[in-house]
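Values below: all heavy atoms of this structure, side chains included; hydrogens, waters and symmetry mates excluded.
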Amino acid sequence: MPHGNAAPGGTDDVPLLNIANILTVLRIALVPVFLAALFVGDGHDTTWRLTATAVFAVAAITDRIDGQVARKYGLVTDFGKMADPIADKALIGAALVGLSMLGDLSWWVTVVIGVREIGITAVRFAVIRHGVIPAGRGGKVKTLVQTFAIGVYLCPLPSAVDPVAMALMALAVLLTVYTGIDYVVQAVRLRRGVSAS
């Protein structure tokens, strides 16, 4: 999700090198580190799975922090608006593909979430000249549930937790589809509104 903190007067006077952007770049840089830890050995070594889970958690936390910092201190940049959703999708996508490759998560889940995220990114770019659709509460909840569900799948927990993990991932898929449809509806309304004016 883009930083929803566009300050009056634009972003031209905000330095590109700021803490919010640094955290976003850090999140992107952590993706290959996360994947390396996830695939050590057969991908199911307890120590390395815990390491991968920790790296994923750190990256996910930076997602919350960079947006808050950008909004609070007026550090919004065009780079941040573009890089932040890319970083989010890279992290979530890498985790889902990795879990599916290891046989821990059904591929259909990865495909559904992946198609939605790529599709919404395409829609976002298609309507950006008409206006920006702000990240809604549903999208934020979707990202939170996705992140938490993936974290449960990553962490080497007892098999008794499997039903909880499956329920969380099912909820994540439902929210992913629902918010995706809602975003497309908003995009269509935005284009129609611009065309009618």
Side-chain angles (χ1 to χ4, degrees), residues 1-2 23-68 83-124 135-184:
M1 293 174 290
L23 288 171
T24 299
V25 172
L26 173 63
R27 187 157 73 260
I28 295 172
L30 284 175
V31 171
V33 177
F34 159 73
L35 286 174
L38 182 62
F39 282 101
V40 169
D42 64 354
H44 293 97
D45 178 84
T46 300
T47 300
W48 283 105
R49 280 298 281 259
L50 286 171
T51 301
T53 304
V55 174
F56 179 83
V58 169
I61 289 169
T62 67
D63 178 36
R64 307 305 299 173
I65 296 174
D66 64 357
Q68 292 173 354
D84 187 65
I86 290 172
D88 296 344
K89 288 168 177 53
L91 179 64
I92 295 294
L96 291 171
V97 170
L99 286 168
S100 293
M101 289 179 68
L102 292 172
D104 297 336
L105 181 66
S106 297
W107 273 106
W108 73 264
V109 173
T110 297
V111 170
V112 168
I113 294 178
V115 167
R116 185 273 189 195
E117 299 298 347
I118 293 170
I120 293 306
T121 299
V123 169
R124 177 180 283 123
R137 182 173 297 178
K140 294 176 182 177
V141 172
K142 177 268 301 181
T143 301
L144 181 64
V145 174
Q146 279 182 354
T147 303
F148 193 65
I150 289 170
V152 174
Y153 267 84
L154 286 171
C155 196
L157 298 170
S159 58
V161 182
D162 289 353
V164 176
M166 292 171 64
L168 279 171
M169 191 59 76
L171 178 58
V173 171
L174 288 173
L175 287 170
T176 297
V177 173
Y178 173 78
T179 56
I181 293 171
D182 180 62
Y183 196 96
V184 170

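- Evaluation of the side chain to side chain contact (heavy atoms under 4.5 Å, CB included) rule for Thr62 yields Leu23, Leu26, Arg27 as partners, not counting sequence neighbours.
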Review item, side-chain donor-acceptor pairs of residues 153-161, under 3.5 Å, at least two apart:
none

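- Between Ile150 and Leu96 the shortest side-chain heavy-atom distance falls below 4.5 Å.
- Side chains of Val177 and Ile113 form no contact here, defined as non-hydrogen atoms less than 4.5 Å apart.
- For residues 105-120, the set of pairs meeting the salt bridge (charged side-chain N to carboxylate O under 4.0 Å, His left out) definition, not counting sequence neighbours, comprises Lys89-Glu117, Glu117-Lys142.
- Across Ala37 and Thr51, no two heavy atoms sit closer than the pair CB-CG2, 4.1 Å.
- Rounding to the nearest 0.5 angstrom, the gap separating the CG atom in Leu38 from the CG atom in Leu99 is 6.0 Å.
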Pair Phe56-Leu30, side chain to side chain contact (heavy atoms under 4.5 Å, CB included): steps then yes or no: CA-CA 8 Å; Phe56 179 83; Leu30 284 175; over 6 Å; no

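- Separating the CG atom in Leu171 from the CD atom in Gln146 is a distance of 10.5 Å, to the nearest 0.5 Å.
- For Tyr178, the side chain to side chain contact (heavy atoms under 4.5 Å, CB included) criterion is met by no residue, not counting sequence neighbours.
- Looking at every heavy atom in both residues, Ile28 comes nearest to Pro32 through O-CD, 3.4 Å.
- For residues 90-113, the pairs satisfying side-chain hydrogen bond (donor to acceptor under 3.5 Å, both in side chains) are His44-Asp104, Arg49-Asp104, Ser100-Thr110, with sequence neighbours left out.
- The two atoms that bring Val31 and Ala94 nearest to each other are CG1-CB, 3.7 Å, heavy atoms only.
- Under the rule for a side chain to side chain donor-acceptor pair (under 3.5 Å), Thr53 has no partner lying at least two apart in sequence or in another chain.
- Within the model, atoms CG of Leu168 and OG1 of Thr147 stand 11.5 Å from one another, a figure rounded to the nearest 0.5 Å.
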Side chain to side chain contact (heavy atoms under 4.5 Å, CB included) assessment of Asp84 paired with Asp63: CA-CA 8 Å; Asp84 187 65; Asp63 178 36; 3.8 Å; yes

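- Rounding to the nearest 0.5 Å places CD1 of Ile86 at 14.0 Å from CG of Leu91.
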